[in-house]
Novice: 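Mind having a look at this structure? Questions to follow.
Predicted model only: the values in this text are computed from it and were never measured. Lettering follows sequence order; numbering is per chain, from 1.
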Number of protein chains: 2
Amino acid sequence: MTAAEYGDPYAVLRPVRSGNTFEETIEHLLQAIRVGLFPPGQKLPAERELAEHLGVSRATLREALAELQQAGFLDIRRGRHGGTYVLEARDAGRQGSVPLEPAQRQDVLVFREVLEPAAAELAAQAQLSTSAREHLLACLADLESADRGSYRARDSRFHIAIAELSGSQSLITAVTDTRARVSALLDEIPLLPANLEHSNEQHLAITEAILDGDGARAKSLMIDHLQGTASLLRGFLT
Amino acid sequence: MTAAEYGDPYAVLRPVRSGNTFEETIEHLLQAIRVGLFPPGQKLPAERELAEHLGVSRATLREALAELQQAGFLDIRRGRHGGTYVLEARDAGRQGSVPLEPAQRQDVLVFREVLEPAAAELAAQAQLSTSAREHLLACLADLESADRGSYRARDSRFHIAIAELSGSQSLITAVTDTRARVSALLDEIPLLPANLEHSNEQHLAITEAILDGDGARAKSLMIDHLQGTASLLRGFLT
DNA sequence: ACACCATGGACTGAAAACAGTCCATTGGAG
DNA sequence: CTCCAATGGACTGTTTTCAGTCCATGGTGT
């Protein structure tokens, strides 16, 4: 809101299109991969099915997939049990990215601190099924056994899993989107072992609070966790 | 999350397109009008400018505008001081709408209760400029002087104004979107004078808390306010 | 070996969306 | 009274996107 007037219609009326379908499809898929939704080795849904879900023609989806294959993110194979497979993360993905404007950085961090504590609280208050609990624990275990290359994606996946437990589709979408933006920020700063270890302790504590059904604790732990990341980011990105 | 498995990629990987550009453009404009961003009598930005902001060609925008004119929402005039003017609200707008699924209703109400209290708190904690304060007070005054026909739109506008003060663009967008969905729900139930008066008292109290810079109070008042609406809705829409 | 069939690959014609250009209208400035 | 400028209106050729169809590949099960 630096320059815009209050009451500016354009702050509220958002763009209908932000690029062509092809580019937006790439962006969606890339986000899903970066955010750990499709870990390396996993097969994407079949083209026909994926195209339908994305609301995009198969031709356009295939253009996007070809581009991602070209860039080294995907391995596409034909045949009876062929498919589109996710390759090991390659660092190149972020190189061309432009650092965010300070206002946008602030926006991401603020919005995240609105969404994720609420998600943790809702998750703790929800009636969690056995499969829900197992999903959260599986994401946590994956994260704890991550190496440097896979950490960011699994971290995102864990945070999204909490949103999934909240039961609100809108919250899942918003958290996913915000996580992808935070990830882009985090990729600009180093991954320090000390921070990493501390984060893992926090992840464990948050998980326990959620599984205990202690909403207030889950929320407060999540706030601490996010503030740690936020101050780290603010420190590095002066 | 009723039927979907936890970890379902499709809960996270959202559609790229949800219709053709023409339809989505109509939806965006209609939302902006319903949400009180463009009150009756106001002129929309010129076609060339609006098209650019929406990321849509002028031809497509014009198709959408023509449709909205046809439906009685807009008055389009040519000439030196011509333009696209918003007409008085007509009730027909909602008639064809299908009632939301219970899960979606729940989602809207939950997500709203995440966003808006946070927005109120952030607004109160922010360094508010004079113009920001005036904007909020203007929206409040409009709302207090509303009649039955204009109430919903001005109510939305007021809630969005609070999000604007928070300074987070993502929050503005999310609140706007959620307000539009809540409005659709509210249009299915009667507007009772008693509720209306109570709401107006709450709006005043929230505004005062924000202008006082009392974040905790603003947040807590907003929670009360939303829960009133939520239980009203849950009562009517059994 | 062989047929099967789910998957990716390739092509075509139609429809949608776009960018660019020029026209028509109309109230105000000079 | 005339001209100007800002606005909507209309047309054209190009590019993108789409839906539909058929082909190619290569494990699986018989």
Novice: Under a 3.5 Å cutoff, is there a donor and acceptor pairing between the side chains of A:Ser129 and A:Ser131?
Specialist: yes
Novice: Of the residues in residues 42-52 of chain B, which ones touch DNA chain D at a heavy-atom distance under 4.0 Å?
Specialist: B:Ala46, B:Glu47, B:Arg48
Novice: What are the 5'-most and 3'-most nucleotides of DNA chain D lying under 4.0 Å from any heavy atom of chain B?
Specialist: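 Using the under 4.0 Å cut-off, the span is D:dA5 to D:dA10.
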Novice: Anything under 3.5 Å between a protein N or O and an N or O of nucleotides 13-19 of chain C, put it in a table, one pair a line.
Specialist:
{"from": "C:dA17", "atom 1": "OP1", "to": "B:Thr21", "atom 2": "N", "distance (Å)": "2.6"}
{"from": "C:dA17", "atom 1": "OP1", "to": "B:Thr21", "atom 2": "OG1", "distance (Å)": "3.3"}
{"from": "C:dC18", "atom 1": "OP2", "to": "B:Ser57", "atom 2": "N", "distance (Å)": "3.1"}
{"from": "C:dC18", "atom 1": "OP2", "to": "B:Ser57", "atom 2": "OG", "distance (Å)": "3.0"}
{"from": "C:dC18", "atom 1": "OP2", "to": "B:Thr60", "atom 2": "OG1", "distance (Å)": "2.5"}

Novice: When you look at A:Tyr10 and B:Glu49, which way does the side chain to side chain contact (heavy atoms under 4.5 Å, CB included) test go after all the steps?
Specialist: CA-CA 11 Å; A:Tyr10 290 149; B:Glu49 185 192 334; 3.0 Å; yes
Novice: Answer with yes or no whether the side chains of A:Ser170 and B:Arg181 bring together a donor and an acceptor at under 3.5 Å.
Specialist: yes
Novice: Minimum heavy-atom separation for B:Leu171 to B:Leu122, with atom names?
Specialist: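 Smallest interatomic distance, heavy atoms only, reads CD2-CD1, 3.7 Å.
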Novice: Can you list the steps and then say if B:Thr229 with B:Arg112 is a side chain to side chain contact (heavy atoms under 4.5 Å, CB included)?
Specialist: CA-CA 11 Å; B:Thr229 310; B:Arg112 177 170 144 83; 4.0 Å; yes
Novice: Could you check whether the rings of B:His159 and B:His203 sit parallel, tilted or perpendicular, using 30° and 60° as the cut-offs?
Specialist: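 B:His159 and B:His203: perpendicular rings.
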Novice: Say whether, by atom type as modelled, one donor and one acceptor occur between the side chain of B:Ser166 and the main chain of B:Ala163 under 3.5 angstrom.
Specialist: yes
Novice: Mind listing the N/O atom pairs, protein and nucleotides 26-28 of chain C, below 3.5 Å?
Specialist:
{"from": "C:dT26", "atom 1": "O2", "to": "B:Arg80", "atom 2": "N", "distance (Å)": "2.8"}
{"from": "C:dG27", "atom 1": "N2", "to": "B:Arg80", "atom 2": "NE", "distance (Å)": "3.3"}

Novice: In whole angstrom, give the distance that lies between atom CG of A:Leu74 and atom P of C:dG8.
Specialist: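 Going from CG in A:Leu74 over to P in C:dG8 covers 11 Å.
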Novice: Just to verify, which of A:Thr84, A:Val56, A:Thr25, A:Leu44 counts as forming a side chain to side chain contact (heavy atoms under 4.5 Å, CB included) with A:Leu50?
Specialist: A:Leu44
Novice: For A:Arg179 and A:Ser156, which I'm curious about, is there any donor-acceptor pair between the side chains at under 3.5 Å?
Specialist: yes
Novice: Any side-chain heavy-atom pair from A:Gln31 and B:Arg14 closer than 4.5 angstrom?
Specialist: no
Novice: Give the table of side-chain donor-acceptor pairs shorter than 3.5 Å for residues 15-22 of chain A, with sequence neighbours excluded, one pair per line with atom names and distance.
Specialist:
{"from": "A:Arg17", "atom 1": "NE", "to": "B:Thr21", "atom 2": "OG1", "distance (Å)": "3.4"}
{"from": "A:Arg17", "atom 1": "NH1", "to": "B:Glu24", "atom 2": "OE1", "distance (Å)": "3.3"}
{"from": "A:Arg17", "atom 1": "NH1", "to": "B:Glu24", "atom 2": "OE2", "distance (Å)": "3.4"}
{"from": "A:Arg17", "atom 1": "NH2", "to": "B:Thr21", "atom 2": "OG1", "distance (Å)": "3.2"}
{"from": "A:Arg17", "atom 1": "NH2", "to": "B:Glu24", "atom 2": "OE2", "distance (Å)": "3.3"}
{"from": "A:Asn20", "atom 1": "OD1", "to": "A:Glu23", "atom 2": "N", "distance (Å)": "2.9"}
{"from": "A:Thr21", "atom 1": "OG1", "to": "B:Arg17", "atom 2": "NE", "distance (Å)": "3.4"}
{"from": "A:Thr21", "atom 1": "OG1", "to": "B:Arg17", "atom 2": "NH2", "distance (Å)": "3.2"}

Novice: Suppose we screen for salt bridge (charged side-chain N to carboxylate O under 4.0 Å, His left out). Which residues come up paired with B:Arg48, at least two apart in sequence or across chains?
Specialist: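 Listed in chain order: nothing, the list is empty.
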